[in-house]
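In what follows, a structure is listed as structure tokens, so that the remarks can point back to it.
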Amino acid sequence: MKIGELASASGLTAKTIRYYELEGLLPRPPRTASGYRTYASGDLQRLGFVAKAKRIGLTLRQIKEVLLLNDRNEPPRAHVRTLLDENLAEID
């Protein structure tokens with residue numbers, strides 16, 4: 001799918017998706033011969049995770065850390081728990 005379709009499916013703007021690519025939250029997609037980005041369903045799932053992680057209070061930096069663990073096939077659960085505990089401690 002193209003960026004507009006991904007934006008529509010994810011509820012994000014194309015500008016936000018490009019920003020997430022720039023920040024390393026979303027891998028740079030392949031491009032067509034005419035230069036259009038092409039995305040797969042995995043990209044939509046990844047954006048869904050980013051949105052959920054933001055809703056529970058993780059920063060983009062923290063989300064990137066979790067995604068990097070996941071990309072290396074390391075279970076991120078313990079790290080997410082630590083991040084959430086740190087965020088709760090800051091709130092307290």
Side-chain angles (χ1 to χ4, degrees):
M1 70 186 96
K2 293 181 182 168
I3 196 165
E5 296 165 319
L6 182 63
S8 179
S10 66
L12 300 171
T13 65
K15 185 176 181 178
T16 298
I17 293 169
R18 285 190 293 271
Y19 178 73
Y20 286 172
E21 288 174 23
L22 182 67
E23 292 298 313
L25 296 166
L26 189 65
R28 296 208 184 262
R31 292 182 179 255
T32 64
S34 56
Y36 290 102
R37 292 170 168 91
T38 57
Y39 298 92
S41 61
D43 297 315
L44 180 59
Q45 292 172 347
R46 193 171 180 108
L47 289 174
F49 171 79
V50 172
K52 288 176 187 175
K54 283 182 63 179
R55 279 196 302 272
I56 63 170
L58 295 181
T59 66
L60 292 181
R61 181 191 56 77
Q62 292 170 326
I63 295 168
K64 184 177 179 180
E65 290 173 11
V66 172
L67 290 170
L68 288 172
L69 288 173
N70 187 65
D71 291 345
R72 292 190 309 246
N73 292 321
E74 296 177 30
R77 180 175 287 184
H79 186 65
V80 171
R81 181 131 186 128
T82 300
L83 292 173
L84 292 174
D85 288 343
E86 289 172 1
N87 287 359
L88 286 173
E90 285 182 31
I91 292 170
D92 286 342

Would Lys64 and Leu69 count as a side-chain contact (heavy atoms from CB on, under 4.5 Å) if you check the C-alpha gap in whole Å, the side-chain angles of each, and the deciding distance to 0.1 Å?
CA-CA 9 Å; Lys64 184 177 179 180; Leu69 288 173; over 6 Å; no
Show your working on side-chain contact (heavy atoms from CB on, under 4.5 Å) between Asp43 and Glu21 and close with a plain yes or no.
CA-CA 11 Å; Asp43 297 315; Glu21 288 174 23; over 6 Å; no
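A heavy-atom distance below 4.5 Å is found between the side chains of Leu67 and Val50. Counting heavy atoms from C-beta on, the side chains of Leu60 and Tyr20 come closer than 4.5 Å. Residues Leu25 and Arg61 have side chains not in contact (no heavy-atom distance under 4.5 Å, counting atoms from C-beta outward).
Note that CG of Leu26 is 6.5 Å distant from CZ of Arg46, once rounded to the nearest 0.5 Å. Between atom OG of residue Ser41 and atom CG of residue Leu6 there is a gap of 10.5 Å, rounded to the nearest 0.5 Å. To the nearest 0.5 Å, atoms CG (Leu58) and CD (Glu86) are separated by 10.5 Å. Rounding to the nearest 0.5 Å gives a distance of 10.5 Å between OG1 of Thr38 and CD of Glu5. A distance of 12.5 Å separates CD1 of Ile63 from NZ of Lys52, quoted to the nearest 0.5 Å.
Contact between Gln62 and Gly57 at its shortest, heavy atoms only, is OE1-O, 4.2 Å. The shortest non-hydrogen separation linking Ser10 to Ile17 is OG-CD1, 4.2 Å. Between Ala14 and Ala7 the shortest heavy-atom distance is N-CB, 3.8 Å.
In this structure, Leu68 is not a member of the same hydrophobic cluster as Leu22, with clusters built from ILVMFWY side-chain heavy atoms closer than 4.5 Å. One hydrophobic cluster holds both Tyr19 and Phe49 under the rule that ILVMFWY side chains link at heavy-atom gaps under 4.5 Å.
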